[in-house]
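Notes for the one structure printed next.
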Amino acid sequence: MKILSITTATNHLSVALNDGDKIWEKNEEDHRNHSEHLDPLINELLKENDLTLKDIDRFAVAEGPGSYTGLRIGITTAKMFASILNKDLVGVSTLAALANGASDGLIVSELDARNKNFFAGVYHKANGRLENLVPDGHYHLDDLMNKVKDVGLSEQVIFVGSPIEKYQDEIKDLLGSDNFTQDAGDNQIHAGEIGKLVLNKEAVDPDKMVPKYLRRTQAEMDWHKKTGKAFGPDSDYVEEV
């Protein structure tokens with residue numbers, strides 16, 4: 001199965017072609033221009049492998065959390081490809097993809113959301129199998145460390161994602177342990193890891209896929225305050241706005 005995977009969730013742009021055990025991946029550090037660089041990077045990857053979009057069996061994309069605008073760029077592109085070509089579409093947690101690229105062990109996969117808040121999930125990885133122990137969510141550092149403690153500290157805790165150096169002392173106090181480390185890898189989301197995670201996942205209707213922000217946007221909060229309406233599916237909110 002040929003899988004084309006995309007992540008535009010952060011400032012790290014990554015696309016990959018997974019075909020069995022083989023992975024071809026292209027990465028680009030780009031803070032603002034994913035919308036301009038994504039399609040050329042995909043075309044370059046396909047051309048180097050003598051393929052076209054029609055040869056792809058399944059499209060996969062990081063569905064969140066991440067940058068609001070960034071997520072929509074990647075998801076919209078993947079939805080368009082899958083819908084036009086009538087191919088499978090699968091969404092993958094950004095945090096799961098991060099964790100899957102980390103070393104084996106107890107993993108805190110996290111993206112800094114400012115003011116000691118994080119988009120985070122706790123995972124365990126062993127022998128190529130990834131298990132989610134604490135659901136992806138928007139957590140304050142205190143709450144996140146309490147959830148890590150609830151899981152159990154029988155092994156070293158590996159942080160992957162945003163740098164944690166400035167929180168090291170606080171994490172040590174909250175965990176009651178200094179048995180933790182930042183993953184030695186590049187701490188970036190790689191599309192190749194997304195491709196590994198979608199082999200056995202059920203495909204979704206492209207029209208129904210929406211970003212999983214894990215936190216309301218300011219626009220949504222303003223809309224809710226103005227209209228007094230309850231929050232509903234993202235698609236309903238977008239259509240009304």
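Excluded from the calculations below are hydrogen atoms, water molecules and symmetry mates; all remaining heavy atoms, backbone and side chain alike, are included.
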Next on the checklist: Between N117 and H138, does the side chain to side chain donor-acceptor pair (under 3.5 Å) criterion hold? Intermediate values first, please.
Outcome noted: CA-CA 7 Å; N117 291 295; H138 181 253; 4.7 Å; no
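Contact detail for A191 and T7: the closest heavy-atom pair is N-CG2, 4.2 Å.
Salt bridge D19/K2: present, at least one basic N to carboxylate O contact under 4.0 Å.
Not a single side chain to side chain donor-acceptor pair (under 3.5 Å) links D39 to another residue, sequence neighbours left out. By the side chain to side chain contact (heavy atoms under 4.5 Å, CB included) test, D136 pairs with S93, L95, Y123, N132, L214, sequence neighbours left out. Among residues two or more places apart in sequence or in another chain, the side chain to side chain donor-acceptor pair (under 3.5 Å) test is passed with E131 by none. Listed by chain and number, the residues in a side chain to side chain contact (heavy atoms under 4.5 Å, CB included) with N49 are L17, W24, L45, L51 (sequence neighbours excluded). Contacts of S35 classified as side chain to side chain contact (heavy atoms under 4.5 Å, CB included), with partners at least two apart in sequence or in another chain: I73. With sequence neighbours excluded, the residues satisfying side chain to side chain donor-acceptor pair (under 3.5 Å) with T52 are D55. Here F59 pairs with F81 under the ring pair (Phe, Tyr, Trp, His ring centres under 6.0 Å) rule; sequence neighbours left out. N100 is linked by a side chain to side chain donor-acceptor pair (under 3.5 Å) to E193, counting only residues two or more places apart in sequence or in another chain. For D205, the side chain to side chain contact (heavy atoms under 4.5 Å, CB included) partners at least two apart in sequence or on another chain are D207, K208.
The salt bridge (charged side-chain N to carboxylate O under 4.0 Å, His left out) contacts involving residues 147-162 comprise nothing, where partners must be two or more places apart or lie in separate chains. Legend: salt bridge (charged side-chain N to carboxylate O under 4.0 Å, His left out) pairs involving residues 78-107, not counting sequence neighbours, sorted by first then second residue: R58-D88.
In this model, a donor atom of one side chain and an acceptor atom of the other lie less than 3.5 Å apart for N187 and Q182.
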Would you list the atom pairs, donor with acceptor, under 3.5 Å between side chains in residues 158-174 and any protein atom, with sequence neighbours excluded?
from	atom 1	to	atom 2	distance (Å)
S162	OG	D112	N	2.8
E170	OE1	K116	NZ	3.0
E170	OE2	K116	NZ	3.2

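Within 6.0 Å of NZ in K212 there are 12 or fewer heavy atoms belonging to other residues, nucleotides or ligands.
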